[in-house]
Amino acid sequence: MSQPAAVGPVLGLETSCDETAAAVVHCGKVLGQSVATQIPIHRRFGGVVPEIAARNHLLTVLPTVQAALSQASVAPQQLGGIAVTARPGLIGALLVGVQTANALAWAWNLPIVGVDHTAAHVWSVMLQAPGLDAGQSRTPQLPFAALAVSGGHTSLYRVDGPAELSLLGRTLDDAAGEAFDKVGKLLGLPYPAGPEVDRLAALGRSGSLRLPRGMLGRQDGAYSFSGLKTAVRLHIEARRGAGERLEGQVLADLCADFQAAVVEQLVRVTLLTLKRHKLRDLVVAGGVAANAGLRAALTEACRRDRVRLWPVPVAYCGDNGAMVACLGEALLRAGHRDDPFTLDAQPTGEVRRATALVPAPGLAP
Ligand code: KG4
Ligand code: ZN
């Protein structure tokens, strides 16, 4: 097999949803990175408003690129290429990143590659872990399984290379992160509710509520969260209807029960599907991979089933530029190139996140 071509540091650009993120990565090491988050802007609407997201990306994209380059102490002429999230995502948001990257690639005479957002989440496991040097940082051998679990995706892949992801299964309805966000919103938690549900769940005790646990025996990577979400909604409405205030320990226990139901399904279906496909390494990536309950349950189940678990470091679970640069570096090394005159954004049919135009409770419009 021929050796992959060496490339200089790669600039990665991510604008598919509500983070404008850029990073410079070389041989899996993050040399510099910058993120301009829009979460406070969208919070008052209870979800991401696509048009507002695109307009804010326009304002922040160039300063974010400049900040990443200057933190890396890398000049444009020292770069080996540019990688940009080209799909899937909010079309206006993606367009800002893709057209900025196209213009920079043309102006700086650099190769460009458009990457898939979910594949970038998965490939972020190849980044050198923060605080570790190259010798200490270990990465999984191909082929491996990867659970990409975020606000827009809950999908299980077999990964044979940076451009070779085969879908083993996916959610039949909501993504896990979407379920966290929607249930959290019903409970009055601010967007995005996943981290807050996680924090409260750690203070609560699960087991008092009998929530449905469908799909547990599935070996085809099929997940489903909408029934669970409806069950939680009906439960919340019934208790509120009876005059109960869902706060303090009661709220924490509810979060613990909901999180336990999501985690149990993710763990059981993933490990059964892995067994069926005879895969022994499991990567878990994406925003929800930061969930403490999920990480603990996967660690325990993988130990029991003798599966090697490769959780992406929490610092790289949410949307970031380093994951895009890391996958871009691997693709450029393997000879992948796009044309900056034709590379375009592709939203695909998948909705990444619910957008609610109704202000969240307690927040002024
Ligand atoms: O990967 P990501 O940043 O963006 C998408 O590609 O969607 O994931 C964001 C999602 C949101 O739904 C957020 O609530 C969820 O990840 N999330 C979490 C946690 N941290 C982020 N969900 C559960 N527990 C967490 N600790
Ligand atoms: Zn993401």
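All ligand and atom numbering here is 1-based and tracks the order in the structure.
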Go through ligand 1 atom by atom and flag the ones less than 4.0 Å from a non-hydrogen atom of [X].
| X | result |
| --- | --- |
| Val288 | 15 (C), 16 (O), 18 (C), 22 (N) |
| Asp198 | 24 (N), 25 (C), 26 (N) |
| Gly318 | 3 (O) |
| Gly152 | 7 (O) |
| Gly194 | 14 (O), 18 (C), 19 (C), 22 (N), 23 (C), 24 (N), 25 (C) |
| His121 | 1 (O), 6 (O) |
| His117 | 6 (O) |

Could you verify whether a donor N or O on one side chain and an acceptor N or O on the other, from [X] and [Y], lie under 3.5 Å apart?
| X | Y | result |
| --- | --- | --- |
| Ser208 | Asp253 | no |
| Thr154 | Thr171 | no |
| Asp281 | Gln141 | no |
| Tyr223 | Thr270 | yes |

## Note on the structure
The residue among Glu329, Lys29, His26 that forms side chain to side chain contact (heavy atoms under 4.5 Å, CB included) with Pro9 is His26
### Task
With Thr342 as reference, evaluate Asp339, Asp344, Asp338 under the side chain to side chain contact (heavy atoms under 4.5 Å, CB included) test and give the passing residue.
Asp339
### Task
State the atom name: nearest N, O or S atom of Asp319 to the Zn ion (ligand 2).
OD1
### Ion pair Glu196/Arg199, N-O distance below 4.0 Å
yes
With a 4.0 Å cut-off on heavy atoms, is [X] in contact with ligand 1?
| X | result |
| --- | --- |
| Cys17 | no |
| His153 | no |
| Gln259 | no |

N or O contact, [X] vs ligand 1, cut-off under 3.5 Å:
| X | answer |
| --- | --- |
| Gly151 | yes |
| Pro192 | no |
| Gly177 | yes |
| Gly286 | no |
| Asp181 | yes |

Atom pairs and distances, donor-acceptor, side-chain atoms in residues 71-78, under 3.5 Å, two or more places apart:
from, atom 1, to, atom 2, distance (Å)
Gln71, OE1, Gln33, N, 2.9
Gln71, NE2, Gln33, O, 3.4
Gln78, OE1, Ala75, N, 2.7

### Query
Out of Asp173, Asp174, Asp181, which one pairs with Lys229 under the salt bridge (Lys or Arg N to Asp or Glu O under 4.0 Å) rule?
Asp174
#### Entry: Centroid separation Phe144 to Tyr157 less than 6.0 Å
no
### Message
Can you classify the ring geometry of His117 versus His121 as parallel (below 30°), tilted (30 to 60°) or perpendicular (above 60°)?
### Response
perpendicular
### Query
From the Zn ion (ligand 2) out to just under 2.8 Å, does an N/O/S atom of His153 turn up?
no
### Task
Verify the distance test for His121 against the Zn ion (ligand 2): any N/O/S atom under 2.8 Å, yes or no.
yes
